[in-house]
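Here is the structure we will look at.
Worth knowing before you read on, the calculation uses all heavy atoms, side chains too, and leaves out hydrogens, waters and symmetry mates.
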Amino acid sequence: MLPYERRLLDAIDEVRESPFCEVMYEEMGPGGARRDPMGVFDLMAEDGIVLTDRIKEALFPHRFMALHWVSAQPELVGDFRVMNISASSEERLLNLDDHAWYESDNELLSELTVLDDASRGGSGQLTTMRFLPGASSPEIWYLDRFHTFVKLDMDYRDYLDNLIITKGVIGWQYLFADVSLGADEFGNTLDDLRTMLRVFPEQFPDHDYAPLQERLEARQ
């Protein structure tokens with residue numbers, strides 16, 4: 001089993017076993033142990049996408065891994081359907097107008113591919129990747145229900161690392177964006193992130209939440 005496959009499965013198990021969380025949905029896409037996934041990098045290289053070893057090491061063999069969970073006291077929602085990097089590079093955005101304020105936005109949006117879809121517990125939030133010509137690591141962009149999109153200060157491997165820690169709490173991506181979470185439109189997101197960082201260190205003590213707490217404080 002590849003390291004990131006194991007880590008994602010462990011994260012799902014942590015949620016399933018936590019008395020704090022109620023799992024509403026989970027699914028693993030096609031792929032798995034009987035399939036050698038490493039050949040995908042040769043295929044991607046043929047398309048001009050030559051990735052760093054750091055990004056290659058974050059591969060997991062399933063096309064996607066998905067989890068939706070809720071908690072009642074305190075109220076919190078987690079949701080992800082994260083794709084492996086090969087599948088994500090092929091999954092183009094549909095209905096660009098759903099995310100664009102201006103016609104000029106469509107040029108950027110047309111370059112994005114879907115990495116993570118929070119459409120069950122969220123309100124259509126998407127995390128996407130942008131493969132620029134000659135780049136060995138794609139940019140990560142977050143699109144939300146406010147028709148805004150922001151570039152995240154992270155790479156694909158960072159994304160998986162922090163998804164594992166946050167369990168997909170809606171809006172965790174803003175901790176890696178250049179935004180002010182004290183603005184009115186982020187009120188609910190700020191509350192959820194505060195709740196996550198208050199509750200999760202006790203619920204999931206094997207993870208270090210101090211770096212995320214520092215990021216939250218820097219954005220209030």
Side-chain angles (χ1 to χ4, degrees), residues 2 4-5 7-9 11-12 25-32 35-52 54-68 78-100 105-152 154-164 166-168 170-173 176-177:
L2 295 176
Y4 273 79
E5 179 184 12
R7 292 186 63 198
L8 284 163
L9 288 172
I12 292 171
Y25 173 84
E26 62 179 287
E27 183 182 3
M28 286 193 297
R35 176 187 174 193
D36 178 10
M38 294 303 177
V40 301
F41 297 126
D42 294 331
L43 296 175
M44 294 178 73
E46 291 176 5
D47 291 333
I49 302 173
V50 181
L51 300 172
T52 63
R54 169 183 164 79
I55 302 300
K56 291 179 180 179
E57 290 167 0
L59 180 71
F60 56 92
H62 299 278
R63 181 174 177 84
F64 65 86
M65 300 178 75
L67 182 70
H68 172 210
D79 186 17
F80 63 84
R81 184 182 183 274
V82 66
M83 307 185 75
N84 72 36
I85 196 164
S86 173
S88 176
S89 69
E90 303 168 350
E91 189 82 6
R92 293 287 174 180
L93 282 180
L94 301 176
N95 303 321
L96 300 185
D97 290 343
D98 289 347
H99 302 284
D105 295 337
N106 287 333
E107 181 176 356
L108 169 62
L109 293 170
S110 68
E111 297 174 347
L112 302 179
T113 62
V114 178
L115 166 57
D116 188 5
D117 179 358
S119 59
R120 290 181 179 271
S123 300
Q125 296 94 334
L126 292 172
T127 306
T128 64
M129 298 195 296
R130 185 188 188 198
F131 290 87
L132 295 175
S136 58
S137 179
E139 297 176 350
I140 309 297
W141 289 75
Y142 185 58
L143 288 65
D144 71 11
R145 62 187 181 279
F146 301 115
H147 286 228
T148 59
F149 37 93
V150 290
K151 184 180 176 183
L152 303 185
M154 61 189 346
D155 64 16
Y156 176 82
R157 182 167 172 168
D158 292 330
Y159 190 87
L160 295 185
D161 288 340
N162 285 280
L163 177 66
I164 288 165
T166 64
K167 319 303 183 200
I170 299 299
W172 71 264
Q173 294 89 342
F176 295 84

Revision key, fill the gap. The side chain to side chain contact (heavy atoms under 4.5 Å, CB included) partners of Ser89 (sequence neighbours excluded) come to Met44, Ile49, Phe131
Review point. Would Gln173 and Asp116 count as a side-chain contact (heavy atoms from CB on, under 4.5 Å) if you check the C-alpha gap in whole Å, the side-chain angles of each, and the deciding distance to 0.1 Å?
Key: CA-CA 11 Å; Gln173 294 89 342; Asp116 188 5; 4.3 Å; yes
**Study point:** Arg92 side chain vs Ser110 backbone, donor-acceptor pair below 3.5 Å
**Key:** yes
Exercise for review: Could you tell me which non-hydrogen atom of Ser136 sits nearest to which non-hydrogen atom of Ile55, and how far apart they are?
Suggested key: O-CG1, 4.4 Å
Point to revise | Nearest heavy-atom neighbours spanning Met83 and Val114 | key: SD-O, 3.5 Å
Check your understanding: For Asp158, what residues pass the side-chain hydrogen bond (donor to acceptor under 3.5 Å, both in side chains) criterion, not counting sequence neighbours?
Key -> Arg54
Revision key, fill the gap. Interatomic distance, CZ@Arg81 vs CG@Leu67, rounded to 0.5 Å, equals 13.0 Å
Check your understanding: Is there side-chain contact between Met65 and Leu9, with heavy atoms separated by less than 4.5 Å?
Key -> yes
Check your understanding: Is any side-chain heavy atom of Leu115 less than 4.5 Å from a side-chain heavy atom of Phe80?
Key -> no
Practice item. Could you tell me which non-hydrogen atom of Ala118 sits nearest to which non-hydrogen atom of Ile170, and how far apart they are? Key: CB-CD1, 4.0 Å
Exercise for review: Quick one: do Glu91 and Arg63 satisfy side-chain contact (heavy atoms from CB on, under 4.5 Å)? Show the steps, please.
Suggested key: CA-CA 11 Å; Glu91 189 82 6; Arg63 181 174 177 84; 3.3 Å; yes
Practice item. Using ring pair (Phe, Tyr, Trp, His ring centres under 6.0 Å) as the criterion, list what pairs up with Tyr159, not counting sequence neighbours. Key: Trp172
Exercise for review: Just jot down the ring pair (Phe, Tyr, Trp, His ring centres under 6.0 Å) partners of Tyr156, sequence neighbours excluded, or say none.
Suggested key: none
Exercise for review: Could you pull out all residues at least two apart from Asp117 that satisfy side-chain hydrogen bond (donor to acceptor under 3.5 Å, both in side chains)?
Suggested key: Ser119
**Study point:** Rounded distance [0.5 Å steps], NE2 in His62 versus CG in Leu8
**Key:** 9.5 Å
Study note, to complete from the structure: In this structure, OG1 of Thr127 is separated from CG of Leu163 (nearest 0.5 Å) by 8.5 Å
**Study point:** Sole residue of Leu160, Asn84, Leu51 in side-chain contact (heavy atoms from CB on, under 4.5 Å) with Leu59
**Key:** Asn84
**Study point:** Audit row: Asp161, Arg7, side-chain contact (heavy atoms from CB on, under 4.5 Å) steps and yes/no
**Key:** CA-CA 9 Å; Asp161 288 340; Arg7 292 186 63 198; 2.8 Å; yes
Check your understanding: Looking at residues at least two apart in the chain, or sitting in another chain, which of them share a side chain to side chain contact (heavy atoms under 4.5 Å, CB included) with Arg130?
Key -> Leu108, Glu111, Leu112, Leu132, Glu139, Trp141
Practice item. For Arg157, check salt bridge (Lys or Arg N to Asp or Glu O under 4.0 Å) against everything at least two apart and list the hits. Key: Glu57
Exercise for review: Quick one: list whatever passes side-chain hydrogen bond (donor to acceptor under 3.5 Å, both in side chains) with Glu90, sequence neighbours left out.
Suggested key: none
**Study point:** 4.5 Å side-chain heavy-atom contact, Met129 and Ile85
**Key:** yes
Practice item. Check side chain to side chain contact (heavy atoms under 4.5 Å, CB included) between Val50 and all other residues, then give those that pass, not counting sequence neighbours. Key: Ala45
Review point. Hey, does the side chain of Asp79 reach the backbone of His68 with a donor-acceptor pair shorter than 3.5 angstrom?
Key: no
Practice item. Would you please test Leu2 and Phe60 for side-chain contact (heavy atoms from CB on, under 4.5 Å) and show each step? Key: CA-CA 6 Å; Leu2 295 176; Phe60 56 92; 5.6 Å; no
